[in-house]
Amino acid sequence: KIPTDKIHLGKSFRSFEQSNSGEIKIHFEDHTTTETDFLIGADGINSLVRKQLFPESQTRYSGQTCWRGIADLELEDAFQHWGMELWGDQIRFGLSKIIRGKVYWFAVALDKPNQKDDRQFVKDKLLKMFVGFHPLVKQLITATPVDKILRNDINDLKPLKHWCQGNVCLIGDAGHATTPNMGQGAAQAIEDAYYLSRLIAEQPDKNIFKLFEQKRRIKVDAIVSQSWTTGKMAHWKYGKRFRNFFLKNMPKKFLEREMMKMYNLTEVY
């Protein structure tokens, strides 16, 4: 059980100071400060901790934008237990049931960054874009309230040389944000927390950040790279027949082995 007096809400991070001996002073937007021995930055892809720790770090735009929504729709029996992604001509659409009568969906297309939709016409735009897809796609878009359709560009973090420096360490999206193509962004953040907490428990008085990075780096970098490549491949303008043939004929045992690599946890120690 976490003591409630150790959790402070409503604090927005502004900056930190790290002395030569490693002590850290954290400054908040409300002009308060606190001092600590270690700082873990878990503040997402736009991490302020990372921007100060590694000012050369950069997010990168994938060239793709994504619309997301939750449709008020009961799926047919054939789709009840499926999570699926449909690839078209440089566009794709995915869906997954959440609970009875609620289906999450996403639609991805190539576009320039930072574009905005006229909310009045966004559903018509999507219906026209995906007119050649399975009829279920039209049903999902139509069954989604227009004010519940979100649009966000797909970005990740250009891989960093390191996640830690001194007594400051980045975890989750702050250190290795990935595109959503592998469905592993939140999963890898959770794994970070698991590994880091185990290492701290084993060596509570030591800086184990470099060891943590060593344990996690190979797997995380592979996922970030594969997710980026998968997203690009899904939107190829040319070579789609080769891509489809290759994916359809990939050995099942190979796919299972790669899947287990991603889902398995290796020993922390």
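Quantities reported herein were computed from a predicted structural model and do not represent experimental measurements. Residue numbers start at 1 and run along the sequence shown.
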Is there side-chain contact between [X] and [Y], with at least one heavy-atom pair below 4.5 Å?
X      : Y      : value
Ile26  : Thr33  : no
Lys97  : Lys102 : no
His162 : Cys164 : no
Pro180 : Ile154 : yes
Ser62  : Asp153 : no
Ile200 : Phe212 : no
Arg241 : Phe245 : no
Thr142 : Leu127 : yes

Problem - Lys/Arg cation over aromatic Trp228: Arg60, 6.0 Å, 45° cone - result: yes
With distance as the sole criterion, is a donor-acceptor pair present between the side chains of [X] and [Y] under 3.5 Å?
X      : Y      : answer
Lys123 : Thr144 : no
Gln188 : Arg216 : yes
Gln184 : Glu191 : no
Gln64  : Arg92  : yes
Ser227 : Thr179 : yes

Practice task
Applying ring pair (Phe, Tyr, Trp, His ring centres under 6.0 Å), name anything that partners Phe13, two or more places apart in sequence or on another chain.
Solution key: none
Problem - Partner residues of Tyr61 under the ring pair (Phe, Tyr, Trp, His ring centres under 6.0 Å) criterion, sequence neighbours left out - result: none
Problem - Considering all heavy atoms, the nearest Leu255-Met250 contact - result: CD2-SD, 3.1 Å
Exercise for the section: For Asp43 and Val49, work out which heavy atoms get closest and say how close. Expected result: OD2-N, 3.2 Å
Do side-chain atoms of [X] reach the backbone of [Y] as a donor and acceptor pair under 3.5 angstrom?
X      : Y      : result
Arg243 : Ala234 : yes
Glu35  : Lys25  : no
Thr59  : Leu157 : no
Gln115 : Pro113 : yes
Ser225 : Ala222 : no
Gln80  : Leu75  : yes
Asp117 : Arg119 : no

Return all side-chain donor-acceptor pairs below 3.5 angstrom for residues 165-176, not counting sequence neighbours, or 'none' if the list is empty.
| residue | atom | partner | partner atom | Å |
| --- | --- | --- | --- | --- |
| Asn167 | OD1 | Asn207 | ND2 | 2.8 |
| Asn167 | ND2 | Gly22 | O | 3.2 |
| Asn167 | ND2 | Asp37 | O | 3.0 |
| His176 | NE2 | Asp192 | OD2 | 2.5 |

Exercise for the section: Check step by step if side chain to side chain donor-acceptor pair (under 3.5 Å) holds for Lys11 and Thr32. Expected result: CA-CA 9 Å; Lys11 291 287 184 180; Thr32 59; 2.8 Å; yes
Exercise for the section: Could you tell me whether Lys261 and Glu258 make a salt bridge, using a distance below 4.0 angstrom between a side-chain N and a carboxylate O? Expected result: yes
Handout entry: Salt bridge present between Asp89 and Lys240 (N-O < 4.0 angstrom)
Key = yes
Practice task
Run through Trp105, Trp67, Trp87 and flag the one making a ring pair (Phe, Tyr, Trp, His ring centres under 6.0 Å) with Phe93.
Solution key: Trp105
Exercise for the section: Taking atom NZ of Lys148 as the centre, report whether more than 12 heavy atoms of other residues, nucleotides or ligands fall under 6.0 Å from it. Expected result: no
Practice task
Look at atom CD1 of Ile98 and say whether more than 12 heavy atoms of other residues, nucleotides or ligands are closer to it than 6.0 Å.
Solution key: yes
Handout entry: Centroid separation His8 to Phe28 less than 6.0 Å
Key = no
